[in-house]
Undergrad: 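The structure follows.
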Amino acid sequence: LISPSSTLEEIYLFTKIFHQLGSNAVDWRLRQNDFSNQFYPGLPISIVDLENVEAFLLIGTNIRHEQPILNHRIRKATLSGACVLAVNSYDYTFNYPLTESIQIPPSQFVEQIIRIIKALQINNVHFESTTGLDPYLQAIKPTPSEIRLAQSLIQKNNKLIILGQDAVLHPDFSIIHGLCLQIEIALKAKIAILPAGSNTNGANIAFNQIYQSNPTKDWHQSLLTNPKVILAYNLEPENDLANSQTFIKACSQAELVIFFTPFVTSTIKELADFILPIVPFSENSGTFVNFENQWQTFEAVVNPLGEAR
């Protein structure tokens, strides 16, 4: 496993080693539970153009924390009259007013998006296909809040649906994403999926370049096969994984566990057979690929300390 906050060069070389060894049990999607449908985080417009969006539908995101720069652009858009609608499981703090906010338990994310589709239908929005949803849609009576949210979306021309980390972490994210794609088509909107790491797009590029038509196993699948050797690069298992217990259990049963890390936690000390020191970003040189797929190369600020590499 390798962190998506590692540099493009680190991710490429790490992945290349496994490929040369004949293994596809390598993954960077640490904060993901649902691997049934492939998707790529990204922004369908430029960051600057966020200021021209008229309606934002935020689903499962604390965007002010996840992507502060994007949040700043959204705030600037609201100062020009844009509306922001939110569907979350927590009462996150925003630095701009929400036109409508719906809070639901994580288990109700899928149902809530279906309810929004129903509210849009009541307001004469046509969906090309709702096959499989009709029995649910017929039984739904949208709340006033859901009707207002739907009307706010309909009244605006330039719309963007943003799926954040709470959505991506959801065990039914592929369903959530599929339902949002239907809303996207019906409203002529666009969808953005926020990345989990600072170099998620770079990780996508590296993996696709090396494995191409031979996709890698997801890390859940790999760990459930009781691997004999586990390598973990630039991650803290108790903080960086969607399901840390699966990883910890697999490490406790493996014959060899090696961590490459700039920081040592109590969990790493307990699990690792070997700990190899690597440098933090400030002592490293490399490339990140940002949300707009722009390559950003940087140099180390200071020399590595001790034996770190």
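Here the structure is a predicted model, which is why all the values come from computation and not from measurement.
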Undergrad: Are V168 and L194 packed together at the side-chain level, in the sense that at least one heavy-atom pair is separated by less than 4.5 angstrom?
TA: no
Undergrad: Scan side-chain atoms only and decide if E146 and Q112 contain a donor-acceptor pair under the 3.5 Å cut-off.
TA: yes
Undergrad: Could you walk me through whether C83 and E54 satisfy the side-chain contact (heavy atoms from CB on, under 4.5 Å) test, starting with their C-alpha distance in whole Å, then the side-chain angles of each, then the deciding distance to 0.1 Å, before giving a yes or no?
TA: CA-CA 6 Å; C83 71; E54 297 178 18; over 6 Å; no
Undergrad: Can a donor-acceptor pair be found between the side chains of N234 and S6 at a distance below 3.5 Å?
TA: yes
Undergrad: Distance from I258 atom CD1 to L231 atom CG, nearest 0.5 Å?
TA: 4.5 Å
Undergrad: Can you tell me if R31 has over 12 outside heavy atoms packed within less than 6.0 Å of its CZ?
TA: yes
Undergrad: Does Q67 reach the main-chain N or O of I69 with its side chain, forming a donor-acceptor pair under 3.5 Å?
TA: no
Undergrad: When you compare the side chain of F35 with that of W219, does any pair of heavy atoms fall below 4.5 Å?
TA: yes
Undergrad: Do E238 and T265 meet the criterion of a side-chain donor-acceptor pair at a distance under 3.5 Å?
TA: yes
Undergrad: To check you understand the geometry: which heavy-atom pair defines the closest contact between P304 and V279, and what is its length?
TA: CB-CG1, 3.5 Å
Undergrad: Honestly curious: do L13 and I205 fall in one hydrophobic cluster under the side-chain, below-4.5 Å linking rule?
TA: no
Undergrad: Below 6.0 angstrom between ring centroids: does that apply to F173 and F39?
TA: yes
Undergrad: I'd like to know if the side chain of Y96 pairs up with that of N71 as donor and acceptor (distance under 3.5 Å, no hydrogens or angles considered).
TA: yes
Undergrad: In the structure I gave you, are the side-chain heavy atoms of I162 and L57 within less than 4.5 Å of one another anywhere?
TA: no
Undergrad: Say whether T7 and T287, considering side chains only, have a donor N or O and an acceptor N or O under 3.5 Å apart.
TA: no
Undergrad: Would you say E111 and I114 make side-chain contact, with heavy atoms under 4.5 Å?
TA: no
Undergrad: Are I183 and I113 packed together at the side-chain level, in the sense that at least one heavy-atom pair is separated by less than 4.5 angstrom?
TA: yes
Undergrad: Return yes if a side-chain donor-acceptor contact under 3.5 Å exists between T61 and E66, otherwise no.
TA: yes
Undergrad: Can I278 be reached from F259 by stepping across I, L, V, M, F, W or Y side chains whose heavy atoms are under 4.5 Å apart?
TA: no
Undergrad: For the atom pair CD1 (I104) and OG (S89), what is the distance rounded to the nearest 0.5 Å?
TA: 4.5 Å
Undergrad: Answer with yes or no whether the side chains of Y12 and Q209 bring together a donor and an acceptor at under 3.5 Å.
TA: no
Undergrad: Of all residues at least two apart in sequence or in a different chain, which pass the side-chain hydrogen bond (donor to acceptor under 3.5 Å, both in side chains) check with N243?
TA: T246
Undergrad: Can you hop from L181 to I161 via hydrophobic side chains spaced under 4.5 Å?
TA: yes
Undergrad: Measuring from atom CG of L70 to atom CZ of F56, what distance do you get when rounded to the nearest 0.5 angstrom?
TA: 9.5 Å
Undergrad: After noting the C-alpha distance and the side-chain angles of F298 and F288, does the key distance pass the ring pair (Phe, Tyr, Trp, His ring centres under 6.0 Å) rule?
TA: CA-CA 8 Å; F298 58 92; F288 283 168; 5.2 Å; yes
Undergrad: Donor-acceptor pair, distance only, cut-off 3.5 Å: does the side chain of K228 make one with the backbone of E255?
TA: no
Undergrad: Would you indicate whether the side-chain heavy atoms of E10 and N199 approach each other to under 4.5 Å?
TA: no
Undergrad: Can you find a side-chain donor-acceptor pair between D34 and S174 that sits under 3.5 Å?
TA: yes
Undergrad: For the CG atom of L1 and the CD1 atom of I230, what is their distance to the nearest 0.5 Å?
TA: 7.5 Å
Undergrad: So, E51 and S80: side-chain donor and acceptor under 3.5 Å apart, yes or no?
TA: no
Undergrad: Is there a side-chain contact between I117 and I140, using heavy atoms and a 4.5 Å cut-off?
TA: no
Undergrad: Specify whether F260 and F14 have parallel, tilted or perpendicular ring planes, treating 30° as the upper limit for parallel and 60° as the lower limit for perpendicular.
TA: perpendicular
Undergrad: Heavy atoms, side chains only, cut-off 4.5 Å: are N33 and D172 in contact?
TA: no
